[in-house]
> 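This structure is in structure tokens; I'll ask about it shortly.
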Amino acid sequence: MIRTHDAGSLRASDAGTTVTLAGWVARRRDHGGVIFVDLRDGSGIVQVVFREGDPAEQAHALRNEFCIKVTGEIGRRPAGNENPELPTGEIEVTAAELTILSEAAALPLPVDDHVDAGDDVRLRYRYLDLRRSGPSRALKLRSRANQIARRVLDERDFYEIETPTLTRSTPEGARDFLVPVRLQPGTWYALPQSPQLFKQLLMVAGMERYYQIARCYRDEDFRADRQPEFTQLDIEMSFVTQDDVIELGEAIVGALWRDLAGYEISTPIPRITWHEAMSRYGSDKPDLRYGVELTDLTEYLRGTEFRVFAGAIDAGGYVGAVVMPGGAGQSRKELDDWQDWAKARGARGLAYVVLDAETGQARGPVAKNLSEAHLAGLADAVGAKPGDAVFFAAAARARDAQELLGAARIEIASRAGLVDQSAWAFCWVVDAPMFEHDDEGGWTAVHHPFTSPNGEWLDRFEEAPDRALAYAYDIVCNGNEIGGGSIRIHRADVQRRVFNTLGISERDASDKFGFLLEAFKYGPPPHGGIALGWDRLCMLLAGADSIREVIAFPKTRGGFDPLTGAPTPITAQQRTEAGIDAKPKATAPQAGTAGVAVPVEPTP
RNA sequence: GGUCCUGUGGAGCAGUUGGAGUGCUCGCCGCCCUGUCAAGGCGGAGGUCGCGGGUUCAAGUCCCGUCAGGACCGCCA
């Protein structure tokens with residue numbers, strides 16, 4: 001090694017030792033006769049002093065982020081000159097020798113913890129951004145999270161197994177990324193949206209306990225917590241029940257929060273059914289750091305003459321409310337803003353009533369439309385106090401109104417300052433529905449088509465697909481879904497019935513994932529698993545607002561990488577070689593997703 | 001595909017009612033400086049106000065379009 005010690009590790013007990021350090025100039029304070037340089041390496045910062053002689057002459061020329069090597073003796077700082085802000089603040093290194101390993105040009109972005117730059121500049125010079133302590137710490141934390149997960153899984157006899165990233169387009173929810181295949185022009189690989197099918201095959205293969213820190217790809221639009229390539233801690237186990245998988249999930253998450261957040265999660269983590277989550281919180285990933293629960297007013301308001309509510313109730317729908325504590329104090333403009341907020345979510349508006357802080361009397365546009373009796377009992381019905389505001393939503397489909405109220409609940413908590421930023425609130429959302437209506441009047445799988453109905457519905461989910469429940473579970477932290485999984489179907493007859501309900505013909509099923517069904521002919525074990533959204537989970541542990549902070553080289557929301565400039569056009573030669581424009585042969589394999597291959601004509 | 005916010009020397013910001021590229025902090029270049037630690041002092045360089053069009057006697061400022069970054073909706077089994 002070029003260095004003998006790590007800069008950040010030096011302490012008063014090292015005084016008198018001669019050391020060689022290597023790192024970067026974090027800051028230079030040139031007093032003419034004496035020069036201080038803060039030398040930073042991966043371990044931290046130590047102050048180097050240049051007083052006289054050649055090293056001091058050289059040190060005048062140092063600039064921020066020069067890469068240097070310094071040899072010198074560690075000494076206690078003169079009394080009164082200690083810096084309690086630094087772990088190494090009691091000592092300094094008196095330079096006897098200085099080597100400039102490499103110089104740094106004027107910086108396009110300050111490597112300074114006190115200044116934050118815009119995202120585009122940070123990403124373009126991400127290697128400089130990562131020299132700063134915050135971004136650096138986030139990546140190092142993620143590395144430790146990986147190790148902790150591997151440790152827990154290894155202790156439980158899991159095997160870490162890699163699966164292909166060039167694979168077959170599968171009929172999962174999102175758009176696939178496609179890769180042209182030079183060796184078979186006109187055919188395409190897809191990048192996996194998850195290793196779902198492979199890990200099930202590994203169960204058939206008798207691996208019994210599999211995990212992988214797996215890169216997944218989905219060609220959908222970006223969010224603060226979504227990139228097109230992302231990472232899952234993917235796990236699958238044979239011969240287990242839902243409780244076994246949940247226990248494992250708690251062991252992993254418990255270890256992560258214990259070691260990386262200094263927080264002991266009390267287990268078992270509370271479970272809430274999907275339906276209860278929707279009716280109480282208007283979300284399938286409820287943030288339990290605060291209350292502000294929804295109230296179902298469908299029965300209470302039955303018979304109302306207010307058309308908006310009556311219409312929903314008559315259609316067999318739902319009317320509900322959520323209370324904003326102190327919301328009556330909002331200005332007219334703030335209340336109008338709520339209407340814009342609701343419209344931005346595709347709602348027609350957000351009906352509200354404010355309760356006078358003195359008299360408790362209900363006021364507001366909607367109050368005129370409600371009967372005396374309905375108004376008189378409203379505060380008690382929704383648990384509101386004088387000075388509160390009550391927001392209403394009504395819809396023919398309960399879930400639409402609940403989701404609007406759920407979004408309002410989050411907004412209320414944020415605006416009213418009800419969120420305890422230091423709190424951790426975990427829960428499992430269990431008993432998710434098997435199916436939901438698709439746009440064409442049929443059914444689609446809420447989770448995926450291999451998810452098993454629970455014990456209660458296994459033999460009769462066809463009777464009421466809208467009410468059938470699955471062995472599917474999501475783990476939620478502070479309103480973020482950090483993982484989800486299910487017990488899979490391992491019986492051919494059940495799988496056939498599920499396909500039937502989904503309107504997937506035998507031929508379709510065999511075209512799309514015949515290889516999995518084929519495998520399931522040969523004694524598949526009962527199995528289930530979970531996938532933890534690793535970027536999101538690390539983001540929470542790092543206290544970051546975006547998963548970009550825990551990704552070494554993230555992309556901007558346009559899918560652009562400002563550092564490499566990807567994506568780029570390709571050359572004509574690359575295009576020809578890749579076979580992008582080749583016409584698939586008549587004997588080409590079955591199309592991946594759409595069922596029938598779309599003929600591709602070569603472009604001139 | 002839609003809604004909203006932002007874009008001003010290398011970085012971060014301010015810029016009022018439309019009136020001179022106006023200001024601040026940092027960085028950069030030069031000089032000075034022996035105990036600083038986001039060192040300090042003096043001097044200096046550096047600008048297509050994202051881009052294009054329009055309104056106007058006059059646009060960083062108002063309008064339209066466009067590009068880029070961000071937040072959200074749609075989308076994401």
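Below, chain A is the first sequence line, B the second, and so on; all start at residue 1.
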> Is there a Watson-Crick or G-U wobble partner for A71(B) with both distances under 3.5 Å, and if so, which one is it?
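U3(B) is the nucleotide pairing with A71(B).
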> Paired with G43(B): which nucleotide, if any, by Watson-Crick or G-U wobble criteria at under 3.5 Å for both distances?
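Paired with G43(B), as far as the under-3.5 Å criterion goes, is C29(B).
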> Is there a donor-acceptor pair under 3.5 Å between the side chain of Glu549(A) and the backbone N or O of Ala542(A)?
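Absent.
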> Does a side-chain N or O from Arg29(A) land closer than 4.0 Å to OP1 or OP2 of A39(B), or not?
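For A39(B), OP1 or OP2 has a side-chain N or O of Arg29(A) closer than 4.0 Å.
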> Determine whether the side chains of Asp466(A) and His437(A) contain a donor N or O and an acceptor N or O closer than 3.5 Å.
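Result is no, nothing qualifies.
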> Measure CD/Glu90(A) against C1'/C37(B) and give the value in whole Å, please.
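So the CD-C1' distance, Glu90(A) to C37(B), works out to 15 Å.
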> Looking across every strand, which nucleic acid part, if any, lies under 4.0 Å from Pro108(A) by heavy atom: base, sugar-phosphate, or nothing?
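Counting heavy atoms under 4.0 Å across all strands, the contact made by Pro108(A) is with sugar-phosphate only.
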> Taking atom P in both C62(B) and U16(B), what distance in whole Å separates the two?
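Result for the P pair: 9 Å, nearest Å.
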> Where do N or O atoms of nucleotides 69-71 of chain B meet protein N or O atoms at under 3.5 Å, pair by pair?
{"from": "G69(B)", "atom 1": "OP1", "to": "Thr556(A)", "atom 2": "OG1", "distance (Å)": "2.8"}
{"from": "G70(B)", "atom 1": "OP1", "to": "Arg557(A)", "atom 2": "N", "distance (Å)": "3.3"}
{"from": "G70(B)", "atom 1": "OP2", "to": "Arg557(A)", "atom 2": "N", "distance (Å)": "2.8"}
{"from": "G70(B)", "atom 1": "O3'", "to": "Arg548(A)", "atom 2": "NH2", "distance (Å)": "3.2"}
{"from": "A71(B)", "atom 1": "OP1", "to": "Arg548(A)", "atom 2": "NH2", "distance (Å)": "3.1"}

> Is it the case that the base of U3(B) and the side chain of Arg345(A) share a donor-acceptor contact (distance under 3.5 Å, atom types as modelled)?
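Donor-acceptor pair under 3.5 Å: no.
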> Taking only the P atom of each, what is the distance from G40(B) to C26(B) in whole angstrom?
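It works out to 7 Å between them.
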> Just the rounded figure in Å: distance from C1' of A39(B) to CG of Leu86(A).
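Atom CG in Leu86(A) sits about 14 Å away from atom C1' in A39(B).
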> Say we look at U61(B) and G52(B): how far apart would their P atoms be, to the nearest angstrom?
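U61(B) and G52(B) have their P atoms separated by 13 Å.
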> Taking any heavy-atom pair under 4.0 Å as a contact, classify Arg226(A): base, sugar-phosphate, or nothing.
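Touches a base.
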> So that I know where these two stand, are Phe513(A) and Phe520(A) an aromatic pair - ring centroids less than 6.0 Å apart?
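Centroid distance Phe513(A)-Phe520(A): not below 6.0 Å, so no.
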> When the P atoms of G18(B) and C13(B) are compared, how many Å lie between them, rounded to an integer?
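Straight-line distance between the two P atoms is 25 Å.
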> With salt bridge (Lys or Arg N to Asp or Glu O under 4.0 Å) as the criterion, how do Arg27(A) and Asp38(A) come out once you've worked through the C-alpha distance, each side chain's angles and the decisive distance to 0.1 Å?
CA-CA 5 Å; Arg27(A) 208 171 286 281; Asp38(A) 290 339; 5.1 Å; no
> State the pairing partner of A59(B); accept Watson-Crick or G-U wobble contacts with both distances under 3.5 Å, and report none otherwise.
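Partner of A59(B): none.
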> Nearest whole angstrom, please: distance from the C1' of A39(B) to the CG of Asn83(A).
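One finds 12 Å between C1' of A39(B) and CG of Asn83(A), rounded.
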> May I ask you to test the Phe553(A)-Thr564(A) pair for a side-chain heavy-atom distance under 4.5 Å?
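Counting from C-beta outward, Phe553(A) and Thr564(A) never come under 4.5 Å.
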> Check the distance between C72(B)'s P and Leu404(A)'s CG and give it to me in whole angstrom.
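It is 17 Å, rounded to the nearest whole Å.
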> Rounded to the nearest Å, what distance is computed from the CG atom of residue Asp129(A) to the P atom of nucleotide A11(B)?
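Spelled out: CG on Asp129(A) to P on A11(B) is 14 Å.
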> Please tell me which of Leu109(A) and Phe36(A) maps to the more 5' nucleotide of RNA chain B, matching each residue to the nucleotide holding its nearest heavy atom.
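Nearest-nucleotide comparison on RNA chain B picks Leu109(A).
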> Going by purine N1 to pyrimidine N3 plus the second Watson-Crick contact, or the G-U wobble pair, all under 3.5 Å, which nucleotide sits opposite A20(B)?
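Answer to the pairing question: none, since A20(B) forms no Watson-Crick or G-U pair.
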> Is the backbone N or O of Gly80(A) less than 3.5 Å from a side-chain atom of Glu82(A), with the two atoms forming a donor-acceptor pair by type?
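Pair found, side chain donor or acceptor close to backbone of Gly80(A).
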> Of Ala117(A) and Asp221(A), whose closest RNA chain B nucleotide lies nearer the 5' terminus?
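Result: Ala117(A).
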> Can you spot which of Arg488(A), Gln196(A), Gln212(A) makes a side chain to side chain donor-acceptor pair (under 3.5 Å) with Glu236(A)?
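For Glu236(A), the side chain to side chain donor-acceptor pair (under 3.5 Å) check succeeds only for Arg488(A).
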> Take atom CD1 of Ile45(A) and atom C1' of C37(B), then tell me their distance rounded to the nearest Å.
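Going from Ile45(A) (CD1) to C37(B) (C1'), I get 10 Å.
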> Check every strand shown and say whether Val446(A) touches a base, only sugar-phosphate, or nothing at a heavy-atom separation below 4.0 Å.
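Touches sugar-phosphate only.
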> Using purine N1 to pyrimidine N3 plus N6-O4 or O6-N4 for Watson-Crick, or N1-O2 and O6-N3 for G-U wobble, both under 3.5 Å, which nucleotide pairs with U36(B)?
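Result: none.
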> On a plain distance test, is the side chain of Glu52(A) in donor-acceptor contact with the base of U34(B) below 3.5 Å?
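No.
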> Quick one: what's the B/S/- string for nucleotides 25-33 of chain B, heavy-atom cutoff under 4.0 Å, read 5' to 3'?
---SSS--B
> Using whole Å, what does the distance between atom C1' of nucleotide G12(B) and atom CZ of Arg132(A) come to?
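Taking atom C1' of G12(B) as the reference, CZ of Arg132(A) is at 11 Å.
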> When rounded to the nearest Å, what value does the distance between C1' atoms of U22(B) and G47(B) take?
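It works out to 12 Å between them.
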> Can you tell me, in whole Å, how much space there is between the C1' of G50(B) and that of U6(B)?
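About 11 Å, rounded to a whole number of Å.
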> Should G65(B) form a Watson-Crick or G-U wobble pair with both distances under 3.5 Å, which nucleotide is its partner?
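Base partner found: C51(B).
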> Is the closest side-chain donor-acceptor distance between Tyr281(A) and Asp287(A) under 3.5 Å?
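Looking only at side-chain atoms, Asp287(A) and Tyr281(A) do not form any donor-acceptor pair under 3.5 Å.
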> If the P atom of G27(B) is compared with that of A39(B), how far apart are they to the nearest Å?
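Straight-line distance between the two P atoms is 7 Å.
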> Quick one: label Glu411(A) by what it contacts on the DNA or RNA (base, sugar-phosphate, nothing), any heavy atom closer than 4.0 Å.
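Counting heavy atoms under 4.0 Å across all strands, no contact is made by Glu411(A).
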> Rounding to a whole Å, what distance do you find between Glu82(A):CD and U36(B):P?
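Roughly 12 Å, once rounded to whole Å.
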> Using the P atoms only, state how far A45(B) lies from G30(B), rounded to an integer number of Å.
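So the two P atoms sit 15 Å from each other.
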> Relative to the ring of Phe391(A), is the ring of Trp338(A) parallel (under 30°), tilted (30 to 60°) or perpendicular (over 60°)?
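Taking Phe391(A) first and then Trp338(A), their aromatic rings sit tilted (interplane angle of 30° to 60°).
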> Have Arg215(A) and Thr231(A) got a donor and an acceptor in their side chains that come within less than 3.5 Å?
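Side chains of Arg215(A) and Thr231(A): pair found under 3.5 Å.
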> Could you walk me through whether Arg124(A) and Asp120(A) pass the salt bridge (Lys or Arg N to Asp or Glu O under 4.0 Å) test, one step at a time?
CA-CA 6 Å; Arg124(A) 170 144 187 220; Asp120(A) 39 357; over 6 Å; no
> In terms of relative ring orientation, are Tyr473(A) and Trp428(A) parallel, tilted or perpendicular, with 30° and 60° separating the classes?
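Rings of Tyr473(A) and Trp428(A): perpendicular, over 60°.
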